[in-house]
Amino acid sequence: MTEQRRALVVGISEYDDLSQLLACEHDAVKMQNLLKECGYLVFDDNDSLIGKVSFVDLKKSIIKFFTEDSGPEDTLIFYFSGHGLIDGNGRHYLATSEISRDKPYSDGYPMEDILHIVKEC
């Protein structure tokens, strides 16, 4: 298997319970284009990770990106532009579009899960 250079780019600009971050969508598109110019295969699921992004779509894409078709010589880039929240216990979450400010654990993607999957990768 030959070395691959792959990237997963997420840009969440639309939120139900948090302020909108319109620059995040723009930044994600720019990053996708830059990485493609640098020879990266940019993983996208029909741009479902730009704009309004659900917890289910984010989780599915992160797991797929880090667990499928990766070898020890591959270079993987995960880029996230959007809100992040901390719960009352100090846990950090990437904010999906439907995240609740008061209960980030319900629809936020835990950073510890990302760290775990990266270590397993």
Quiz item: Do you know the tightest heavy-atom contact between Thr67 and Ile117?
Solution: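 Looks like CG2-CD1, 3.9 Å.
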Quiz item: Cation over ring, Arg91 on Tyr105, under 6.0 Å and within 45°?
Solution: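 No, a cation-pi geometry is absent between Arg91 and Tyr105.
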Exercise. Could you tell me the separation between the CG atom of Asp57 and the NZ atom of Lys59, rounded to the nearest 0.5 Å?
Key: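 Between Asp57 CG and Lys59 NZ, I get 12.5 Å after rounding to 0.5 Å.
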Quiz item: Counting N and O atoms only, with roles assigned by atom type, does the side chain of Ser106 sit under 3.5 Å from a partner on the main chain of Lys103, one being a donor and the other an acceptor?
Solution: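 Yes.
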Quiz item: Under a single-linkage definition using a 4.5 Å side-chain heavy-atom cutoff for Ile, Leu, Val, Met, Phe, Trp and Tyr, are Leu8 and Leu41 assigned to the same hydrophobic cluster?
Solution: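 As far as the 4.5 Å side-chain criterion goes, Leu41 and Leu8 are not connected within one cluster.
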Quiz prompt | ILVMFWY cluster, Leu22 and Tyr15 together (side-chain gap under 4.5 Å) | solution =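 They do not share one cluster, since no chain of ILVMFWY contacts under 4.5 Å joins Leu22 to Tyr15.
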Exercise. Scan residues 14-32 for pairs that pass salt bridge (charged side-chain N to carboxylate O under 4.0 Å, His left out), counting only residues two or more places apart or in two chains.
Key: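 Passing the test, one end in residues 14-32: Asp16-Lys52.
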Self-check item: Approximate separation, where rounding is to 0.5 Å, of Thr75 OG1 and Gln4 CD
Solution: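 Answer for the OG1-CD pair, Thr75 versus Gln4, is 10.0 Å.
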Practice problem: Taking the side chain as every heavy atom from C-beta outward, state whether Tyr79 and Gln32 have any pair of such atoms under 4.5 Å apart. | Solution: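 SC-SC contact between Tyr79 and Gln32 ruled out.
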Quiz item: Are Leu115 and Ile62 connected in the hydrophobic side-chain network, where two residues link if heavy atoms are under 4.5 Å apart?
Solution: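 No.
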Exercise. Group every Ile, Leu, Val, Met, Phe, Trp and Tyr by side-chain heavy-atom contacts under 4.5 Å, then state whether Phe80 and Met111 land in the same group.
Key: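 Linked, Phe80 and Met111 end up in one cluster.
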Self-check item: Heavy-atom side-chain contact between Ser97 and Ile12 under 4.5 Å
Solution: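 Yes, at least one pair of side-chain atoms sits under 4.5 Å.
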Practice problem: Determine whether Cys24 and His83 make a side-chain contact, defined as any pair of heavy atoms from C-beta on separated by less than 4.5 Å. | Solution: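 Cys24 does not reach His83 side chain to side chain.
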Self-check item: Test side-chain contact (heavy atoms from CB on, under 4.5 Å) applied to Gln20 and Ser13, step by step
Solution: CA-CA 6 Å; Gln20 307 305 301; Ser13 57; over 6 Å; no
Quiz item: Taking Arg6 as the fixed residue, which of Phe66, Phe78, Phe65 is the one that meets the side-chain contact (heavy atoms from CB on, under 4.5 Å) rule?
Solution: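 It is Phe65, the one option of Phe66, Phe78, Phe65 that forms the side-chain contact (heavy atoms from CB on, under 4.5 Å) with Arg6.
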Quiz item: Tell me, do Glu98 and Ser54 make a side-chain contact under 4.5 Å, heavy atoms counted?
Solution: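 Glu98 reaches Ser54 side chain to side chain.
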Self-check item: Whether Tyr109 and Phe55 hold their rings parallel, tilted or perpendicular, with breakpoints at 30° and 60°
Solution: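 Tilted: the ring planes of Tyr109 and Phe55 meet at 30° to 60°.
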Quiz item: Does the side chain of Val29 reach to within under 4.5 Å of the side chain of Ile50, using non-hydrogen atoms?
Solution: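 Side-chain contact under 4.5 Å: yes.
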Self-check item: Test side-chain contact (heavy atoms from CB on, under 4.5 Å) applied to Val9 and Phe43, step by step
Solution: CA-CA 7 Å; Val9 177; Phe43 177 86; over 6 Å; no
Quiz item: Distance from Ile63 atom CD1 to Cys121 atom SG, nearest 0.5 Å?
Solution: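 One finds 12.5 Å between CD1 of Ile63 and SG of Cys121.
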Quiz item: Heavy atoms, side chains only, cut-off 4.5 Å: are Tyr93 and Asp107 in contact?
Solution: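 A side-chain contact is absent here, since even the closest heavy-atom pair is not under 4.5 Å.
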Quiz prompt | For Pro104, the option from Ile86, Thr96, Leu85 that meets side-chain contact (heavy atoms from CB on, under 4.5 Å) | solution =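 That would be Leu85.
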Exercise. Treat each ILVMFWY residue as a node, draw an edge where side-chain heavy atoms are under 4.5 Å apart, and state whether Val10 and Val118 are in one component.
Key: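 Shared cluster, yes.
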